[in-house]
Amino acid sequence: MEKSPEILDSLGDWRRSHNCGELDKNHVGERVLLAGWVLRRRDHGGLIFVDLRDRWGITQVVFNPDRDPQPHRKAEDIRSEYVIAVRGEVMERPAGMVNPDLSTGEIEIFVDEMKLLNTSLTPPFPIDEREGKDTAESVRLKYRYLDLRRETLRENMVLRSRVSQFAREFLCREGFLEIETPFLTKSTPEGARDFLVPSRIQPGSMYALPQSPQLFKQLLMVAGFDRYFQVVHCFRDEDLRADRQPEFTQIDAEMSFTDEDGILQIMERMISGIFHCALGVEIPTPFPRLTYSEAIDRFGLDRPDTRFGMELVDLSDVLARTEARVFTETVRNGGIIKALTLKGGGVLSRKDLDDLTGFVGIYGAKGLAWFKSNPNGWQSPLAKFIGEEERGEVSRRASFGEGDLLLVVAGVPSMVNESLGQLRVHLGEKFGLIPEGRLDFLWIVEFPLFEFDKQEGRFSSLHHPFTSPMDEDLPLLETDPGRVRARAYDMVLNGSEIGGGSIRIHREDIQARVFELLKIGEEEAREKFGFLLDALKYGAPPHGGIAFGLDRILMILAGTDSIRDVIAFPKTQKASCLLTGAPGPVEGSQLLELGLRLRRA
RNA sequence: GGGGUCGUAGUUAAGUCGGUUAUAACGCCGGCCUGUCACGCCGGAGGCCGCGGGUUCGAGUCCCGUCGACCCCGCCA
């Protein structure tokens with residue numbers, strides 16, 4: 001359908017007097033100039049109402065043919081998302097016509113003059129989020145600039161700006177310096193896969209995008225800056241999840257001449273301040289601290305959700321005394337048996353229990369033993385193998401009573417803890433055990449320094465290889481590395497890890513011992529971290545730091561389950577950008593310059 | 001690398017046991033309408049049923065493959 005070409009007006013000397021979210025009764029009678037996008041037009045033949053929208057809000061503007069037929073005629077042609085500017089008078093709305101849903105709902109603008117600044121195609125999805133079910137995310141990602149016009153994402157971006165601004169102000173006030181570190185840097189072994197950037201000037205050589213500014217911030221401590229921070233992009237070429245993007249943002253900080261307490265105290269004040277600034281809530285400090293081993297014992301995970309109970313109970317010794325072979329065998333082979341009690345879970349159906357079995361199966365559990373406690377005794381495929389004495393002991397320890405459901409997993413400790421820990425969270429969500437609006441912050445401390453990597457047949461760092469062992473565990477480095485505890489800490493909120501850090505090794509001799517233990521040979525260490533080892537020789541101060549996942553913090557603040565909702569231009573699970581089409585092919589000449597030739601996949 | 005869910009007008013969905021011309025709502029276009037605010041009323045247009053192959057007299061529907069989005073495991077110091 002042919003439409004005569006719109007005649008667009010130029011902005012000329014028109015400048016806004018106000019934004020679309022700020023006018024109220026106090027402005028009645030003023031002449032104002034507003035500009036924005038047409039959210040919605042309601043044409044009554046005579047009167048035309050337009051909801052004019054900008055970043056700050058919505059203001060109703062009225063075109064009345066009796067007042068002036070000329071702008072009214074222009075208003076007949078405007079459509080959704082056209083860009084207009086209007087000049088007119090702020091009028092108090094007639095009695096009964098106030099719109100309580102709008103901050104500007106007490107007033108409206110009677111338009112005397114209008115400029116059409118731009119037209120718009122019909123958007124592929126409504127910008128007004130009140131309309132119907134939400135659009136497929138792939139469509140929204142393709143037209144991200146339109147999705148960002150909508151209230152939810154817009155508010156998330158406003159929140160993001162406020163939070164990072166607060167962090168900057170807070171840290172500057174505390175004497176931290178904001179110092180930028182390179183994005184084109186050196187590939188680090190250990191840790192995540194690097195994104196690589198080929199060098200043109202040195203064909204065959206590669207830069208890597210930083211997984212974090214870790215080494216640079218330590219060098220800044222050696223340089224004597226004392227307190228550093230950065231709100232910084234980090235890159236990891238690993239598979240994505242609902243809370244993981246290949247590029248993400250950290251609030252990264254490092255401090256000299258301090259210890260765990262010094263860092264934790266200042267950082268919990270910052271986080272508390274962020275939540276106050278964003279949600280207006282008071283978060284009491286200090287945050288509770290839990291050791292890693294206690295967290296695993298009680299919750300199965302190193303990021304426990306402490307908003308609800310249902311803690312895990314170790315039943316290895318009791319159940320090893322029963323006739324049930326699954327249990328006796330497990331314990332004989334060095335495994336453990338743990339359980340949790342779902343209060344009132346006796347009502348679950350066979351299918352429910354099968355589903356839960358399937359759930360723990362994801363984490364490698366061979367099975368999920370269940371017991372129901374009925375008035376006439378225990379009900380379970382395994383009930384006949386459990387004697388009276390053991391039943392009493394289990395009931396007591398697991399607070400397992402009539403009407404309850406006891407869920408038991410047996411096997412190697414890491415699997416048992418992981419699967420039951422995840423099951424606990426799953427059940428907590430499924431049965432509404434998690435109190436709404438609660439914010440449970442805590443620190444997890446005393447992580448193990450190493451974990452044994454079966455594939456590689458050697459120890460590897462749980463945190464990173466620059467993490468300091470606890471002083472009292474230093475002798476264990478050579479005798480029992482698996483038991484060495486690290487001066488590392490994570491901040492956990494409602495079951496997600498939102499930050500983590502450590503006191504670093506500042507002595508070259510200890511750093512060398514750790515590298516040796518990680519089977520990073522002297523030559524390799526020199527080649528890969530030589531600059532750090534050198535730096536440690538020139539008066540490196542004791543130092544440590546932390547990094548917070550800004551995106552994850554924002555997810556919680558914004559109340560969303562998807563990291564994509566707090567990032568302006570996110571990527572899909574296959575790491576592509578549906579807006580730009582990245583990643584994409586490049587010209588052969590570009591490859592040639594880099595000395596690269598692509599191999600057929 | 002593996003497991004799962006989903007792909008039907010612009011959008012959100014329905015589509016029975018495989019059977020005639022693939023429905024609806026919103027949006028869009030046209031008309032009417034001077035107090036609406038997710039305005040209302042009347043009319044209309046709009047489809048490569050993700051893509052490719054197969055089974056069948058006949059496929060949106062069944063089978064195989066493939067592409068894409070999402071969730072999870074592995075991975076993410």
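Every chain is numbered from 1, with letters handed out A, B, ... down the list of sequences.
- In this structure, CG of A:L121 is placed 14 Å from C1' of B:G27, rounded to the nearest angstrom.
- Rounded to a whole Å, the CZ atom of A:R41 is 17 Å from the P atom of B:U36.
- Look at the C1' atom in both B:G10 and B:G27: the space between them is 7 Å, to the nearest Å.
- Rounded to an integer number of Å, the gap from A:D43 CG to B:C42 C1' is 15 Å.
- When the C1' atom is used for both B:G50 and B:U34, the distance is 48 Å, rounded to whole Å.
- Nucleotides B:C49 and B:U61 place their C1' atoms 10 Å apart, quoted to the nearest Å.
- Comparing B:C37, B:U34, B:U12 against the side chain of A:T135 picks out B:U12 as the nearest.
- Evaluation of atom-type donor-acceptor distances gives no pair under 3.5 Å for the side chain of A:Q573 against the base of B:G68.
- Side-chain atoms of A:Q60 lie closest to B:G35 of the nucleotides B:C72, B:A38, B:G35.
- Comparing atom distances between the A:R79 side chain and each of B:C39, B:U12, B:C29 picks out B:C29 as nearest.
- Contact annotation for A:T572: backbone-only contact, meaning every heavy-atom pair under 4.0 Å involves sugar-phosphate atoms and none involves a base.
- Rounding to whole angstrom units, CZ of residue A:R244 and P of B:C73 are separated by 8 Å.
- Note on A:P94: a base of the nucleic acid sits closer than 4.0 angstrom, heavy atoms only.
- Taking the side chain of A:R130 as heavy atoms from C-beta on, and the options B:A38, B:C73, B:C37, the nearest nucleotide is B:A38.
- Whole-Å rounding puts the A:K142 NZ to B:G10 C1' distance at 11 Å.
- Nucleotides B:G53 and B:U16 have their P atoms positioned 25 Å apart, rounded to a whole Å.
- Put simply, A:T122 has no side-chain N or O that comes within less than 4.0 Å of OP1 or OP2 on B:G10.
- Across all strands shown, A:D237 has no heavy atoms under 4.0 Å from either base or sugar-phosphate atoms.
- Which of B:C73, B:A38, B:A69 sits closest to the side chain of A:S138 comes down to B:A69.
- In this structure, A:F515 has its ring center closer than 6.0 angstrom to the ring center of A:F529.
- The shortest distance between the side-chain N/O atoms of A:R42 and the OP1/OP2 oxygens of B:C39 is below 4.0 Å.
- Ring centers of A:F183 and A:Y207: at least 6.0 Å apart, outside the cut-off.
- Here B:G35 presents its C1' atom at 9 Å from CZ of A:F110, a figure rounded to the nearest Å.
- Using a 4.0 Å cut-off between charged side-chain N and carboxylate O, A:R149 and A:E81 make a salt bridge.
- Donor-acceptor pairing under 3.5 Å, judged by distance alone, is absent between the side chain of A:R241 and the base of B:C70.
- There is a side-chain donor-acceptor pair under 3.5 Å between A:S187 and A:D194.
- Pairing for B:C49 is absent, judged as Watson-Crick or G-U wobble with the two contacts each under 3.5 Å.
- A:L240 places its CG atom 13 Å from the C1' atom of B:A69, with the value rounded to the nearest Å.
- Using modelled atom types, one finds no donor on one side chain facing an acceptor on the other under 3.5 Å when comparing A:Q573 with A:R244.
- Side-chain N/O atoms of A:T152 and A:R154 include no donor and acceptor closer than 3.5 Å.
- Between the P atoms of B:U8 and B:G1, the separation comes to 26 Å (whole Å).
- Between B:C28 and B:U11, the distance separating the two C1' atoms is 11 Å to the nearest Å.
- Among the heavy atoms of the strands lying under 4.0 Å from A:Y363 are primed sugar atoms or P, OP1, OP2 only; no base atom is included.
- Taking a centre distance below 5.5 Å and an interplanar angle below 30 degrees as the stacking criterion, A:F125 does not stack against the six-membered base ring of B:U11.
- Distances were taken from every side-chain heavy atom of A:E131 (C-beta onward) to each of B:G27, B:C37, B:G74; the shortest belongs to B:G27.
- Of the candidates B:A69, B:G74, B:U12, the closest approach to any side-chain atom of A:L578 belongs to B:A69.
- Taking the C1' atoms as reference points, B:G47 lies 15 Å from B:A14, given to the whole Å.
- Partners of A:D243 by salt bridge (Lys or Arg N to Asp or Glu O under 4.0 Å), not counting sequence neighbours, listed by chain and number: A:R552.
- A donor N or O paired with an acceptor N or O is not found under 3.5 Å between the base of B:U11 and the side-chain atoms of A:D134.
- Judged by ring centres under 5.5 Å apart and planes tilted less than 30 degrees, A:H44 stacks against the six-membered base ring of B:C39.
- Among the atoms of the strands shown, base atoms are found under 4.0 Å from some heavy atom of A:S212.
- Going from the P atom of B:U66 to that of B:G4 covers 14 Å, rounded to whole Å.
- What separates NZ of A:K133 from P of B:G7 is a distance of 13 Å, to the nearest Å.
- The base-pairing partner of B:G40, taking Watson-Crick or G-U wobble contacts with both distances under 3.5 Å, is B:C32.
- For the residue pair A:D252 / A:Y228, a side-chain donor-acceptor distance below 3.5 Å is found, with atom types taken as modelled.
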